[in-house]
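What follows is one structure encoded as C-alpha cells, with my remarks underneath.
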Amino acid sequence: MVTIQKVHGSQNQFFLLDQTTLQQPLTQEELVILAKNITNSQTGLLGGADGLLVVSNSQHLPALGKMQVINADGTIASMCGNGLRTVGRYLAEKYQQNDFIVETEQADLKVTCQADWAPDVKAISVEISPVSFQRAALPFDNLGTEQLISQPVPVLASDLKFTAIAVPNPHLISFVSAKILAGDLLKNLGTKLNQANPYFPDGVNVSFAQIINEQQLFVQTFERGVGFTNACGTGMSATSLAFALIHPELNIFDRLLTVYNPGGYVQTRVHQTDNHYWIELIGNATITHYLDLNENDLHHATIDPAQVKITPTVEDAAYQQFIKDRRP
Ligand SMILES: N[C@@H](CCC[C@H](N)C(=O)O)C(=O)O
C-alpha cells in the first residue's frame with residue numbers, strides 16, 4: 001500500500017504523489033495516464049482535481065526535492081504556485097526543514113514555512129520566478145509585437161488591454177470591470193486560446209482581474225489544461241506584477257498585496273532585484289485527505305474507489321471557516 005494526498009492551495013486542488021515512497025516509480029507515461037484518470041471530475045477520486053503534483057528526488061543539491069506538475073488534461077506545466085506551496089509543506093514535514101529549495105521544471109525555487117494562518121491552516125511562502133515578457137518565452141505569435149504590457153489586442157477582445165507574462169508558465173492578463181468579469185468573455189477567450197489558435201500555440205492561462213484598491217486585487221483564471229479553477233497561484237503572482245508595472249504611481253514593489261480569488265485569497269509581494277523581477281506568493285497549503293491504495297493500481301491507473309482507504313483531515317473545515325469572514 002502507498003499513501004497519496006489530496007491537497008489544495010486556495011482550493012486549487014491536486015493529488016500529490018511522492019515517487020520515492022514507491023517500490024517502482026511510475027514512468028512518465030504512467031504518470032500522465034494516472035493524472036488524467038484520477039483528476040476526472042466524473043470518474044476520478046474525490047470529485048477529481050485540477051492536476052497531479054509529482055514529488056521525486058532532486059539531483060540539484062541542495063534542493064530537498066523536485067516537483068512536476070501534470071494538468072488535468074495530461075499536459076505538463078512548467079510551474080504551479082499553489083501546487084508548490086503544498087509540495088513545500090509536504091517536504092517541510094518529511095525532512096523537518098522550514099526554509100529550503102525545490103527543483104521545478106525551469107528553476108530551483110525558495111520555499112519558506114510561515115506561521116499558521118489559523119489552527120489547522122498551514123501557510124507557506126514560495127518564490128515565483130523566472131519572469132519573462134519575451135514573445136518566445138510565452139510563446140505568442142501574430143500579435144504584431146515582441147512584448148505585451150497593457151496593450152489593446154483587438155483580435156482577442158475589443159476595449160480590453162492585455163499583459164503577457166511567463167513566470168515561467170504563460171499568463172495573459174487583463175484588468176476588467178465587474179460587468180466583464182461576470183460575463184462569458186473569460187470562458188470564451190480561455191477556451192479559444194487553449195485549442196489550436198494562431199496566437200498562443202502552446203495555450204495560455206488567462207486571468208481577468210479587478211482592482212479593489214491599491215492593496216487588494218481579485219483574480220479569476222481560466223487555466224490551460226484545466227479550465228476554470230478556484231485559484232491560480234502563478235496567475236495571481238503574474239497579475240500582481242502586471243499591476244505594479246501598469247501603476248508605477250502606486251509604488252507596489254516590495255509591498256504586501258492581498259489577492260482574492262474564488263477559492264479564498266493569497267498574499268503576494270512583487271520584487272525587482274537588479275534587472276529581474278520575482279514574486280513572493282504566500283498562502284494556505286491544506287491537506288484534505290490521505291488516500292491509501294495499492295501501488296499496482298497506480299501503475300495501471302485502474303483505481304477502484306471502493307479499494308481506496310480515504311481518511312479525511314480536519315483541515316478543509318478549518319480553511320473554510322478561516323476564509324468565511326475574510327472574503328471582500
Ligand atoms: N494552478 C497553477 C498553474 C497550473 C499550471 C497551468 N495550468 C499551466 O499549464 O501553466 C498555479 O497555481 O500556478
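None of these values were measured; they are calculated from a predicted model. First listed ligand is number 1; within each ligand, the first listed atom is number 1.
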Considering the heavy atoms of [X], write down every atom of ligand 1 situated less than 4.0 Å from one of them.
X    : answer
A77  : 5 (C), 8 (C), 9 (O), 10 (O)
T234 : 3 (C), 11 (C), 12 (O), 13 (O)
N82  : 11 (C), 12 (O)
N205 : 6 (C), 7 (N), 8 (C), 10 (O)

Answer yes or no for [X]: is there a heavy-atom contact with ligand 1 below 4.0 Å?
X    : result
N12  : yes
G225 : no
M79  : yes
V69  : no

| Under a 4.5 Å cut-off applied to non-hydrogen side-chain atoms, are Q11 and Y319 in contact? |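 Yes, close enough: below the 4.5 Å cut-off.
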| request: Find out whether F208 and F222 are in side-chain contact, i.e. whether some heavy atom of one side chain is under 4.5 Å from a heavy atom of the other. | output: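 The answer is no, as the side chains (C-beta and beyond) never meet within the 4.5 Å cut-off.
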| request: Using a strict cut-off of less than 4.0 Å between a Lys/Arg side-chain nitrogen and an Asp/Glu carboxylate oxygen, indicate whether R269 and E280 qualify as a salt bridge. | output: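 Salt bridge between R269 and E280, a charged N being under 4.0 Å from a carboxylate O: yes.
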| Is there a chain of hydrophobic side chains (I, L, V, M, F, W, Y, each step under 4.5 Å between heavy atoms) that links W278 to I128? |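 No; tracing contacts between hydrophobic side chains, which count when under 4.5 Å, never links both residues.
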| N/O to N/O below 3.5 Å, does that happen between C80 and ligand 1? |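 Min N/O separation from ligand 1 is not below 3.5 Å for C80.
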| field | atom 1 (N) of ligand 1: nearest protein contact (heavy atom, Å) | value |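 Atom 1 (N) of ligand 1 sits closest to the protein heavy atom E223 OE2, 2.4 Å.
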| Nearest protein heavy atom with distance in Å, relative to atom 12 (O) of ligand 1 |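 Atom 12 (O) of ligand 1 sits closest to the protein heavy atom G233 N, 2.7 Å.
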| query | Quick one: are the ring centres of Y260 and F218 less than 6.0 Å apart? | reply |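 No, too far apart.
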| said: So, applying side chain to side chain contact (heavy atoms under 4.5 Å, CB included) with F200, which one of V206, L143, D141, N142 is it? | reply: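 Of the listed options, the one satisfying the test is L143.
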| request: Would you mind telling me which of L291, V55, L298, L53 makes a side chain to side chain contact (heavy atoms under 4.5 Å, CB included) with L17? | output: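 So the option named by the test is L298.
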| field | Location of contacts on T75 toward ligand 1, heavy atoms closer than 4.0 Å | value |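 The answer is neither; T75 stays 4.0 Å or more away.
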| query | Should the proximity of R224 to ligand 1, defined as any heavy atom under 4.0 Å, be assigned to the side chain, the backbone, both, or neither? | reply |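 Both backbone and side chain.
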| request: For the pair F133 and Y277, name the ring-plane relationship: parallel under 30°, tilted 30 to 60°, perpendicular over 60°. | output: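 Because their plane-to-plane angle is over 60°, the rings of F133 and Y277 count as perpendicular.
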| What do you reckon, is CD of E29 surrounded by more than 12 foreign heavy atoms closer than 6.0 Å? |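 No, because the 6.0 Å sphere around CD of E29 holds 12 heavy atoms or fewer from other groups.
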